[in-house]
Amino acid sequence: MIAAVVQPPALLSVIRSSNPTPLSLLFLTRAASHRSYGLSAVPHNAGGRHDEDCHNSPLVRAVDRCRSPSSLPALRALHSTLHHHPLLLSHPAVQIKLIRALAACGDPHGARRLFDASPAKKTVFFNIIIRSYVDHGLHLHALSFFVDGTLRHQLKADNYTFPCVLKACAASNHLCGGIQIHGAVTKLCLDSDLFVGNTLIAVYARCGRFSDASQMFDEMPKRDVVSWNAMIAGYAKHGQFERALDLCKEMVAQQNPTPDSGTLASILPAMSRTEIANVELMRKLFDEMSNKNIVSWNAMIAIYANNSMPREAVDLFSKMEIAGIEPDAVTLASILPACGDSSAFTLGRRIHQLIEMKRMRPNLVLENALMDMYANCGCLKTAREIFDSMNWKDVVSWNSIISAYGMHGHGLDAIAFFDQMVKSGIKPDSIAFLSIISACSHAGLVNQGKHYFNLMTEHYHLSPTIEHYACMVDLLARSGNLNEAYDFIIEMPIKPNERVWGALLNACRIYSNMEIGLNAADHLFKLVPEQSGYYVLLSNIYARAGRWEEVMVVREMMINKGIKKLPGCSKVELWNDVHTFYIGDRIHPRSKEIYEKLDVLMVRLKELGYVTETETALHDVEEEDKEGHLLVHSEKLAVAFMLINTSPETPIRITMNLRMCLDCHQAMKLISSITQREITIKDTNRFHHFVCGVCSCGDYW
DNA sequence: TTAGGGTTAG
């Protein structure tokens with residue numbers, strides 16, 4: 001019998017609310033502890049009526065509405081209030097609601113305590129708690145609880161229990177546990193269950209046991225898209241990219257089942273630096289997907305970002321926003337590197353605001369991505385602010401700040417960060433060494449670079465990768481030690497690649513070393529015969545030596561092979577728009593003003609002693625117009641454009657697709673001096689930060 | 001109930 005108690009209107013609205021706030025629920029529980037609301041009127045032995053009362057109780061209904069971590073304080077208050085109603089609290093229906101709510105509010109341990117205290121232990125309780133452990137990444141808790149439940153409490157695991165415990169095995173790579181559970185599954189004849197079968201595939205595939213996974217897959221009475229995705233994910237995770245792709249293509253060809261968001265996410269590891277045709281295939285799957293969700297959007301954005309297609313990633317992100325899909329932390333962490341790579345600073349900054357607004361910090365991955373975005377957009381100071389404000393830092397955070405200082409030319413700071421990282425107890429990994437050696441290389445710190453290379457191999461016992469070797473060659477060669485660099489290559493235990501020889505050839509251009517340069521070029525033309533940049537480097541070496549006949553020979557080689565020189569291109573952001581300039585470009589709507597500004601600047605520059613550096617460019621016919629005049633390089637056009645469009649205190653940020661030439665570098669130093677502007681240029685190698693006539697690279701690049 | 005998505009170099 002429930003007494004007809006008149007509810008105060010405010011309290012009624014709280015109880016009826018479908019989305020209780022912690023505050024409103026606390027109010028309810030405090031009020032409930034002072035009034036009966038019919039709860040004390042629950043008859044002690046009302047049988048079926050008692051059940052009905054349990055479900056109708058406002059307190060129990062309020063428990064039911066606690067579904068997210070923000071409701072946890074309110075839920076705990078409700079729970080303590082229920083202790084005043086022992087009959088209600090001991091009812092299995094109320095207990096299951098409490099356990100379910102605690103699990104949903106992110107308190108698996110609380111749910112477990114309730115289970116332990118409960119005399120009526122049922123499989124359904126068991127399943128909820130295991131799932132809660134798995135959802136919170138507490139895989140070992142899930143497994144030990146499973147063992148405890150089945151052995152000590154004689155609980156019967158069912159077709160709902162096994163997928164969860166097997167998921168715990170798959171996620172923790174616990175193959176032995178998976179095999180034992182498979183035995184139990186077989187005894188109970190549950191291996192023909194679709195959900196159980198799918199998780200068994202996941203266990204075997206994730207642990208690299210492909211024959212067992214395939215056997216499960218082949219022998220299943222019924223398969224669905226999850227079965228296929230589990231196989232694909234296993235191959236992709238273990239580097240068997242072709243097999244993952246073949247399986248995906250087979251599914252597409254059969255048209256059954258239809259690939260879904262999970263397929264895209266499963267194949268993602270196989271989509272890193274893949275062929276463009278594969279990226280296009282994934283985009284086709286994505287476009288045809290009828291039930292796109294946040295996972296499919298995130299996976300497609302990540303596919304673009306991992307394949308050096310940052311513009312496409314940014315475009316897709318815009319489409320996602322237009323479609324009204326709210327980005328989550330994973331989306332933002334995927335799009336931030338794309339912002340950094342494409343210098344989409346305006347978007348990057350907006351994402352930062354979004355993160356702060358949605359209170360998504362602290363989030364280690366997100367903060368690392370944010371720091372990297374700022375560094376890659378030229379804002380070292382903001383990157384540093386993010387780094388300093390982080391509560392918790394991992395090796396990725398340290399690597400990011402080391403590489404940020406390194407690519408901005410602050411080698412000694414990068415070294416200080418590296419040493420600080422080691423002192424803080426974080427073990428440097430392979431990328432940490434790559435970052436620090438690269439930082440030393442940019443700053444000309446040869447001995448320090450060698451020290452870190454030795455430290456990596458001798459103290460940390462890390463095997464250098466081809467990237468480390470390329471970095472060392474760059475360090476040695478660019479500092480003028482060309483013979484040492486050459487010997488280093490010859491003694492390398494792995495076959496030198498394009499990057500290794502490329503670093504040497506570039507240094508040979510700087511130091512006009514014809515002999516070693518020709519040797520490097522010879523290797524490069526065999527390795528990458530279509531790459532225009534190396535022909536240009538060789539031609540520059542000949543031009544510097546005044547060997548014009550050979551310059552023409554190289555040019556003819558390029559013409560015969562149909563190799564086109566990559567036209568220099570610079571991008572700048574102005575009021576949310578990206579403006580692109582090409583060498584000698586006259587197509588920009590404000591071209592006339594840009595050239596007029598440049599003319600004025602050149603007069604001032606020449607007064608300061610600037611002489612156009614024509615030594616290498618003079619005979620570069622592709623850089624001349626019809627009248628034989630040298631075409632203006634794109635970065636000069638970009639800087640003139642920004643000078644006429646922005647206020648004197650606005651810093652100028654330019655991103656280029658080639659390395660900066662000596663002439664433009666000299667011009668930028670002087671322009672920064674006469675206009676009192678900060679100019680930051682990101683070329684394909686590093687950042688140049690020009691302030692008051694001085695560049696952060698110290699003219700060493 | 002099952003699969004599956006994020007950060008660091010060059």
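First the proteins, then the strands, lettered A, B, ... as listed; each starts at 1.
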Short side-chain N/O contact from A:Arg206 to OP1 or OP2 of B:dG4, under 4.0 Å: yes
Considering only heavy side-chain atoms of A:Asp224, the closest of B:dG6, B:dT2, B:dA3 is B:dT2
Can you see if the side chain of A:Ser438 gets near the phosphate of B:dG10 - specifically, an N or O under 4.0 Å from OP1 or OP2? yes
The nucleotide from B:dA3, B:dT1, B:dG6 with an atom nearest the side chain of A:Ala230 is B:dA3
Only pairs at least two apart or in different chains count here, so list each salt bridge (Lys or Arg N to Asp or Glu O under 4.0 Å) that has a residue in residues 215-227 of chain A. none
OP1 or OP2 of B:dA9 versus the side-chain N and O atoms of A:Ser403: is any pair under 4.0 Å? yes
Could you list the donor-acceptor pairs under 3.5 angstrom formed by side chains in residues 334-342 of chain A, with sequence neighbours left out?
from, atom 1, to, atom 2, distance (Å)
A:Ser334, OG, A:Val330, O, 2.9
A:Ser342, OG, A:Ala338, O, 2.7

Of the listed nucleotides B:dT1, B:dG6, B:dG10, the one nearest the side chain of A:Arg273: B:dG10
Side chain of A:Pro337 only, heavy atoms from C-beta on: which candidate in B:dG6, B:dT7, B:dA9 is closest? B:dT7
If you take the centroid of each ring, where Trp contributes its six-membered ring, are A:Trp501 and A:Tyr534 closer together than 6.0 Å? no
Enumerate the residue pairs fulfilling ring-ring contact (aromatic ring centres under 6.0 Å, His included) with a member in residues 359-390 of chain A, sequence neighbours excluded, ordered by first and then second residue. A:His352-A:Tyr374, A:Phe387-A:Trp398, A:Phe387-A:Phe417
Ring pair (Phe, Tyr, Trp, His ring centres under 6.0 Å) against A:His182, all qualifying residues, sequence neighbours excluded: A:Tyr204
Return the value, rounded to whole Å, for the distance between atom CG of A:Asp474 and atom P of B:dA9. 16 Å
Within less than 4.0 Å of OP1 or OP2 of B:dT1, is there a side-chain N or O belonging to A:Lys167? no
Report the nucleotide, chosen from B:dT7, B:dG10, B:dG6, that has the shortest atom-to-atom distance to any side-chain atom of A:Ala329. B:dG6
Separation of atom CD1 in A:Ile301 from atom C1' in B:dG4, rounded to whole Å: 16 Å
I'd like to check the side-chain hydrogen bond (donor to acceptor under 3.5 Å, both in side chains) partners of A:Asn497; sequence neighbours left out, ordered by chain and number. none
So which nucleotide from B:dG6, B:dA3, B:dA9 ends up closest to the side chain of A:Ala202? B:dA3
For residues 424-435 of chain A, which residues have at least one heavy atom under 4.0 Å from DNA chain B? A:Ile431, A:Leu434, A:Ser435
